[in-house]
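Notes follow once the structure below has been shown.
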Amino acid sequence: GAVVSQHPSWVICKSGTSVKIECRSLDFQATTMFWYRQFPKQSLMLMATSNEGSKATYEQGVEKDKFLINHASLTLSTLTVTSAHPEDSSFYICSARAGGRTGGDNSPLHFGNGTRLTVT
Amino acid sequence: AQKVTQAQTEISVVEKEDVTLDCVYETRDTTYYLFWYKQPPSGELVFLIRRNSFDEQNEISGRYSWNFQKSTSSFNFTITASQVVDSAVYFCALKVGFGNEKLTFGTGTRLTIIP
């Protein structure tokens, strides 16, 4: 079945550095991928929608200059947390869907395994 | 605006008991989709079910069953004869309209099955 791979699974970085997280669709093409953020014991909040070949769409309150998204191919989207701070420590998870763009498609959203970011 | 409420923050049951996880949603759209995902301790989200607003038929998959009631805007999830492997956080989510992939998640219910 469709699989979404996320790398790395966890990362620890120092404050002020940048961290890149990759999200790959392994056996399908994904024109659109989604980045979510989950604080401990909280729900997932959509950060941005990553569109292949165009700019990402960010949700209200998400700093586009801090969370850089690049969707350079149909199977890869990257999220770069720039100048990371301890408050950026969180669980970041991406998702993608095989098939077309319409919500009527029966393909479910597939999620990656997530990346736990800890900024010290 | 859409909203998903999972009022049960944590539930603990003894193995083999049945357990129901509640989900109440809010939307003004007439076309929408409801989902349940399981998040085990490892963190990944495992898709369990998707139901669209035009299909109120309840579904059963093994020990899992879902009760969709539009009249009460609820989409409850029941696990029958629970097992330790069912321990996880379960999220209910809502997506509205066509061509819109944004999922609105509930806050999740942490289910612990006691052996």
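In what follows, every heavy atom counts, from backbone to side chain, and hydrogens, waters and symmetry copies are set aside. Convention: sequence-line order gives letters A, B, ...; per-chain numbering from 1.
Taking 4.5 Å as the heavy-atom cut-off, the residues of residues 106-115 of chain B that approach chain A are B:Gly106, B:Thr107, B:Arg110, ordered by number. Taking non-hydrogen atoms and a 4.5 Å limit, the residue list of residues 79-90 of chain B in contact with chain A is empty.
Taking CZ of A:Phe111 as the reference point, atom CD1 of A:Ile93 lies at 6.0 Å (rounded to 0.5 Å). Atom-to-atom distance recorded for A:Leu76:CG and A:Glu52:CD is 10.5 Å, nearest 0.5 angstrom. Separating the CG atom in B:Leu34 from the CZ atom in B:Arg51 is a distance of 9.5 Å, to the nearest 0.5 Å. We find the CE-OG1 distance between A:Met47 and A:Thr57 to be 13.5 Å, quoted to the nearest 0.5 Å. Rounding to the nearest 0.5 Å gives a distance of 4.0 Å between OH of A:Tyr92 and CZ of A:Phe67.
Considering B:Leu21, B:Asn67, B:Ile49 in turn, B:Ile49 is the only one that fulfils the side-chain contact (heavy atoms from CB on, under 4.5 Å) rule with B:Phe75. Tested against B:Phe77 for a ring-ring contact (aromatic ring centres under 6.0 Å, His included), the candidates B:Phe68, B:Trp36, B:Phe35, B:Tyr37 yield a single pass: B:Trp36.
Ring planes of A:His110 and A:Phe28: tilted class, angle from 30 to 60°.
For the residue pair B:Thr20 and B:Thr78, a side-chain donor N or O sits within less than 3.5 Å of a side-chain acceptor on the partner.
Counting only distance, with no hydrogens or angles, the side chain of A:Asn51 and the backbone of A:His71 share no donor-acceptor pair below 3.5 Å.
Contact between A:Glu22 and A:Trp35 at its shortest, heavy atoms only, is C-CH2, 4.2 Å.
For chain B, the nearby part of A:Leu46 is the side chain; its heavy atoms alone come within less than 4.5 Å. Interface remark: B:Gln39 contributes side-chain atoms only to the contact with chain A (heavy atom separation under 4.5 Å).
Among B:Leu103, B:Thr104, B:Asn52, the residue making the largest number of heavy-atom pairs under 4.5 Å with chain A is B:Leu103. In terms of heavy-atom pairs under 4.5 Å with chain B, the best-connected choice from A:Glu59, A:Arg116, A:Gln42, A:Gln6 is A:Glu59.
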